[in-house]
Amino acid sequence: MRTFRAPRGTRDLLPGEAARFLRFAEIARGLTDRYGYRPIETPLFEQAAVFERGIGEVTDVVEKELFRIVPRTEDGESWALRPEPTAGIARAYVQHGLRTWPQPVRLTTTGPMFRYDRPQAGRYRQFWQFDVEAIGDAGPAIDAEIIELGLRFYAEVGVKGAEVLLNSIGDPACRPAYLDALVAYYRDHAASLPPTERDRLERNPLRLLDSKDPAMAAINAAAPRIVDHLCQACAEHLAGLRAHLDALGVGYRLEPGLVRGLDYYTRTAIEFYVAGREGQQQALGGGGRYDGLIELLGGQPTPGIGFGLGLDRVALVLDEQAEGDPSGAEADAAGGPPDAPDAVVVSADPADTVGRLRTATELRAAGLRARADLGHRKLGRQLESAGRDGAHFAVILGDELTDGQVQLRDLKAGSQRLVGVADLPRELKRGTSQHRHGTRDSS
RNA sequence: GUGGCCUUAGCUCAACCGGCAGAGCAUUGGAUUGUGGAUCCAAAGGUUAUGGGUUCGACCCCCAUAGGCCACCCCA
């Protein structure tokens, strides 16, 4: 029979990897909770127009990467899986009148996003993002808060050397004039532009700035920089943000070529990365200010800022960084110790599944992580498998049961002793709590 | 969406010039009927990614498709 496989660009997160993503989400939750960001869950799909209007018709994300859903019945609607969370959250903000809440509304969500582009390492058609949004505050102090939060996440999750790129891409007051100047500049150099770059000049001139084509380096270096063309308000915003970051002691790098791929961004543009990495998936996360988005989706004019951090790329970077040092902190994610049971209940009598199941049930009721070996293998095999699972203890059911006792074997130490069945939970708790504190301190 | 490289057991990899597809790890079972974590033995696991073609004969050569990776495009 023909077998199935996960769709192209998607993958299964098996227990070790799934536990790791769960850990990322838990760190994100703890962090955002401390900062006062509250969880929000919006649908994984929306009317396609939410993205088309919010993100922009001529962006790559909408033009060629939107994961469209063909409905079963023709009801005139067109749907799409979310390529990023901001547009959906903005839609929810408008729909539920969150402008009547105390501003800004601080929101966070973590979940899968979908983009139909060509897969590569660190780039998937279904990928995970930790997302943070602050809606209703024009900044720039809130911009600084968000950036600091993002860097804090990388630190807590264990990524070393995460840094942030910063730029301002202006607003409707100053960007048009800048774009005119930019286009004029490149028109003067049109003869020396590669074909793909010439195409960009018509479609998305800002993109020219961060071209990777070496031939463009010289031309780009002399190109007009948007930071020199900002209107008064945008310039003050950027200066204010920098002052706040400095005051917080948050380092950043100004990157005049930093441009965002989505139309809704204004002023602050940010991108997180780790310096010195090989390969192309350099962006670990990105975001920025979107002061026009809420209005685009039919709400009152409302400022906002947010970012999304790619969890698949966090995992990628952690793997890269773990290769160098053999401390193996991340090796845990491969599936051993973290989810190892406190005890496995085994039996001298291979037929006695009832006794094992009952004992394990009692231990669980007492709050222990206990697994019964429910096979019909002989004792030696049961112990072997318990040891491989990383269990701390084995509870051995045997003839001693007639005296109300079992053998409690410490699989780590290799020692064992007789324990009364009634005392089992207490003895196990004593033995395992010590053990847990020990491993936590070392990590 | 464009170009290049790759695909043999669950995993990592062998198989000469085209001549009957193998190993390690993992899994399962056994080794004088109650004791594991580097003991020994064995089993199971493959339409060599899929579909065609060339050939007496194809894992090996050719074509197409799928998937992965790399570089673009772009981004997380």
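Keep in mind that this is a model prediction, so the values were computed, not measured. Atom set for the values below is all heavy atoms of this structure, side chains included, hydrogens, waters and symmetry mates excluded. Chain letters run A, B, ... following the sequence lines, proteins first and then strands; every chain starts at 1.
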Rounded distance [0.5 Å steps], CZ in A:Phe127 versus CD in A:Glu84: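 Going from the CZ atom of A:Phe127 to the CD atom of A:Glu84 covers 9.0 Å.
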
State the pairing partner of B:rU27; accept Watson-Crick or G-U wobble contacts with both distances under 3.5 Å, and report none otherwise. B:rA43

G-U wobble or Watson-Crick pairing nucleotide for B:rA71 (cut-off 3.5 Å, both distances):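 Partner of B:rA71: B:rU2.
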
What interatomic distance, in whole Å, is found between [atom1] of [M] and the corresponding atom of [N]?
N      : M      : atom1 : answer
B:rG34 : B:rA9  : C1'   : 37 Å
B:rG52 : B:rC13 : P     : 30 Å
B:rA38 : B:rA26 : P     : 10 Å
B:rC69 : B:rA58 : P     : 33 Å
B:rU50 : B:rU8  : P     : 11 Å
B:rC62 : B:rU7  : P     : 13 Å
B:rU27 : B:rC17 : P     : 37 Å

Return yes if the base of B:rG3 and the side-chain atoms of A:Arg118 contain a donor-acceptor N/O pair under 3.5 Å, otherwise no.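 Present.
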
Out of the candidates A:Arg29, A:Arg23, A:Arg34, only one should pair with A:Glu156 under the salt bridge (Lys or Arg N to Asp or Glu O under 4.0 Å) rule; please name it. A:Arg34

Using heavy-atom distances to pick each residue's nearest nucleotide on RNA chain B, tell me which of A:Pro119 and A:Leu309 is more 5'.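 Final value for this comparison: A:Pro119.
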
For A:Leu284 and for A:Arg5, find the nucleotide of RNA chain B with the closest heavy atom, then tell me which residue's nucleotide is more 5'. A:Arg5

What one-letter contact string describes nucleotides 29-39 of chain B from 5' to 3', where B marks a base within less than 4.0 Å of any protein heavy atom, S marks contact via sugar-phosphate atoms alone, and - marks no contact? BBS--BBBB--

Would A:Arg11 pass as a cation-pi partner of A:Tyr124, given that its NZ or CZ must be under 6.0 Å from the six-membered ring centre and within 45 degrees of the axis?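 A:Arg11 over A:Tyr124 ring: yes.
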
Hey, does the side chain of A:Arg8 come within less than 4.0 Å of B:rG68's phosphate (OP1/OP2), counting only N and O?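 Affirmative; the distance criterion is met.
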
Looking at A:Asp291, A:Asp143, A:Asn167, which hits side chain to side chain donor-acceptor pair (under 3.5 Å) with A:Thr268?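 Among A:Asp291, A:Asp143, A:Asn167, the one that satisfies the side chain to side chain donor-acceptor pair (under 3.5 Å) with A:Thr268 is A:Asp143.
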
What about A:Phe272 and A:Phe307, are their ring centers closer than 6.0 Å?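 Yes, ring centres under 6.0 Å apart.
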
Centre-to-centre under 6.0 Å for A:Phe24 and A:Phe130, is that the case here? no

A:Arg152 atom CZ: more than 12 heavy-atom contacts under 6.0 Å: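 Counting other residues, nucleotides and ligands, CZ of A:Arg152 stays at 12 neighbours or fewer.
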
